[in-house]
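Each remark here refers to the structure printed beneath this line.
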Amino acid sequence: MTKALTKYAATFVATLFGCTVAIASDAASDAASIDVLGGWREADGTHMAALRITLADGWHTYWRSPGDAGVPPAFHWGGTRNVDAVKFHWPVPDVHVQNGMRTLGYTDQVVIPITVSPKNDGSMRIKGKAEIGVCKDICIPTTLRFDGRLPEVGALDGQIAAALVEQPLSAREAGAKRPVCTITPADDGVVLTASVTLPKQGLGEISVLEVANPNVWVSEAETIRTGSTISATATLLEANGKPFSIDRSGVIMTVLAGGQAVEIKGCTGD
């Protein structure tokens with residue numbers, strides 16, 4: 001195994017388990033729960049609902065891109081009825097550093113708004129399971145099941161509305177230009193650098209890079225600001241060591257600082 005793949009394997013274990021792991025524990029059922037907030041029907045026929053994850057005191061869970069020591073959440077929709085598509089609206093996560101490793105996630109409770117698109121007119125049901133990691137002194141991979149019928153009209157829900165406000169700003173809202181991506185070869189992978197003109201967001205800016213290919217691991221990004229330009233550089237490795245390409249339109253660069261964030265989608269070549 002090459003050094004790069006050895007590093008990938010070690011980080012993959014850290015990503016899955018992060019800290020001391022309990023593979024099976026009664027604590028999992030007490031650490032977190034999930035329910036559906038029914039929300040309201042939009043004028044275009046889509047429905048704004050939410051998944052609410054409630055955590056026991058002292059426990060936390062992870063954002064969609066959790067960092068090198070986090071567990072990425074996965075959602076499965078078996079049992080869902082009259083649903084064509086689901087789009088997530090992730091609130092800005094908290095940044096935690098423990099044992100020199102940075103993770104992104106939530107404590108106490110997180111409301112994750114979802115736009116649900118129907119296949120046909122009529123009622124919709126969202127049913128499935130969330131596979132998440134919950135951590136305190138130990139980390140527990142756990143499965144939470146949810147089931148909710150969405151009202152055909154519904155009413156404005158303050159918790160969902162507040163979570164929508166807590167989303168990252170878009171590039172346009174933040175005054176960011178489209179990033180330029182450079183890709184250079186590395187051992188068994190590539191190094192991706194995204195650079196964008198963006199007003200300073202506050203002290204302690206960090207950045208996160210994501211790509212569309214779920215089989216590609218992306219390292220924690222190194223963030224450098226030079227004047228009005230901020231750059232993020234990360235190493236990308238394919239899980240099985242196979243050659244891969246990067247779709248620049250699927251690159252997401254998120255800049256976080258002071259509890260706020262900017263999400264910039266897509267980048268151009270040199």
Side-chain angles (χ1 to χ4, degrees), residues 4 7-8 11 14-15 62-70 72 87-106 163-238 243-270:
K7 179 182 179 182
Y8 172 87
T11 309
T15 300
Y62 296 101
W63 186 52
R64 65 173 192 235
S65 179
D68 281 351
K87 178 183 177 182
F88 284 80
H89 304 276
W90 290 90
V92 174
D94 299 322
V95 180
H96 302 279
V97 178
Q98 184 177 9
N99 298 325
M101 304 187 79
R102 186 178 73 201
T103 59
L104 305 170
Y106 310 98
L164 288 169
V165 172
E166 292 172 2
Q167 291 183 91
L169 296 176
S170 67
R172 181 177 179 180
E173 290 169 331
K177 295 183 178 180
R178 192 174 179 86
V180 174
C181 284
T182 58
I183 300 172
T184 55
D187 289 344
D188 300 309
V190 299
V191 173
L192 170 66
T193 298
S195 300
V196 62
T197 300
L198 174 71
K200 190 169 183 178
Q201 299 302 296
L203 296 175
E205 287 177 315
I206 67 167
S207 55
V208 179
L209 292 177
E210 300 170 80
V211 296
N213 187 340
N215 293 323
V216 173
W217 171 79
V218 183
S219 73
E220 181 177 302
E222 179 185 4
T223 304
I224 298 176
R225 174 170 283 280
T226 306
S228 61
T229 299
I230 187 168
S231 299
T233 300
T235 299
L236 279 59
L237 301 173
E238 207 277 339
F244 64 96
S245 60
I246 299 299
D247 177 6
R248 284 182 169 86
S249 68
V251 173
I252 300 176
M253 179 181 180
T254 304
V255 180
L256 301 100
Q260 301 181 2
V262 179
E263 183 177 280
I264 306 159
K265 297 181 178 180
C267 60
T268 63
D270 295 10

Test log, rule side chain to side chain contact (heavy atoms under 4.5 Å, CB included), inputs Val216 and Phe244: CA-CA 8 Å; Val216 173; Phe244 64 96; 3.9 Å; yes
Point-to-point distance, once rounded to the nearest 0.5 Å, from CG of Leu237 to OG of Ser219: 8.0 Å
Pair up each side-chain donor or acceptor in residues 172-186 with any protein partner under 3.5 Å, not counting sequence neighbours, and list the distances.
| from | atom 1 | to | atom 2 | distance (Å) |
| --- | --- | --- | --- | --- |
| Glu173 | OE1 | Ser170 | N | 2.8 |
| Glu173 | OE1 | Ser170 | OG | 3.4 |

Atom pair CD/OG of Glu220 and Ser207 - distance to nearest 0.5 Å: 9.5 Å
Where Thr223 and Glu205 come nearest, the two heavy atoms and their spacing: CG2-O, 4.1 Å
From Phe88 atom CZ to Gln167 atom CD, the distance as rounded to the nearest 0.5 Å: 12.5 Å
Nearest-0.5 Å distance, NZ of residue Lys200 to OG of residue Ser228: 12.5 Å
Heavy-atom pair of closest approach, residues Leu209 and Leu192: CD1-O, 3.9 Å
Side-chain donor-acceptor contacts of residues 249-266 below 3.5 Å, not counting sequence neighbours, with atom names and distances?
| from | atom 1 | to | atom 2 | distance (Å) |
| --- | --- | --- | --- | --- |
| Ser249 | OG | Asp247 | OD1 | 2.7 |
| Ser249 | OG | Asp247 | OD2 | 3.0 |
| Glu263 | OE1 | Arg64 | NH1 | 3.1 |
| Glu263 | OE1 | Arg64 | NH2 | 2.8 |

Check: Pro93 and Tyr106 side chains under 4.5 Å, non-hydrogen atoms: yes
Spatial distance of atom CH2 (Trp63) from atom OG1 (Thr103) [nearest 0.5 Å]: 12.0 Å
Approximate separation, where rounding is to 0.5 Å, of Ile224 CD1 and Thr233 OG1: 6.0 Å
Smallest separation among heavy atoms of Ala232 and Ala221, with atom names: CB-CB, 4.1 Å
Pair Arg102-Val95, side chain to side chain contact (heavy atoms under 4.5 Å, CB included): steps then yes or no: CA-CA 7 Å; Arg102 186 178 73 201; Val95 180; 3.8 Å; yes
Pairwise side-chain contact, Val92 with Glu166, heavy-atom cut-off 4.5 Å (strictly under): no
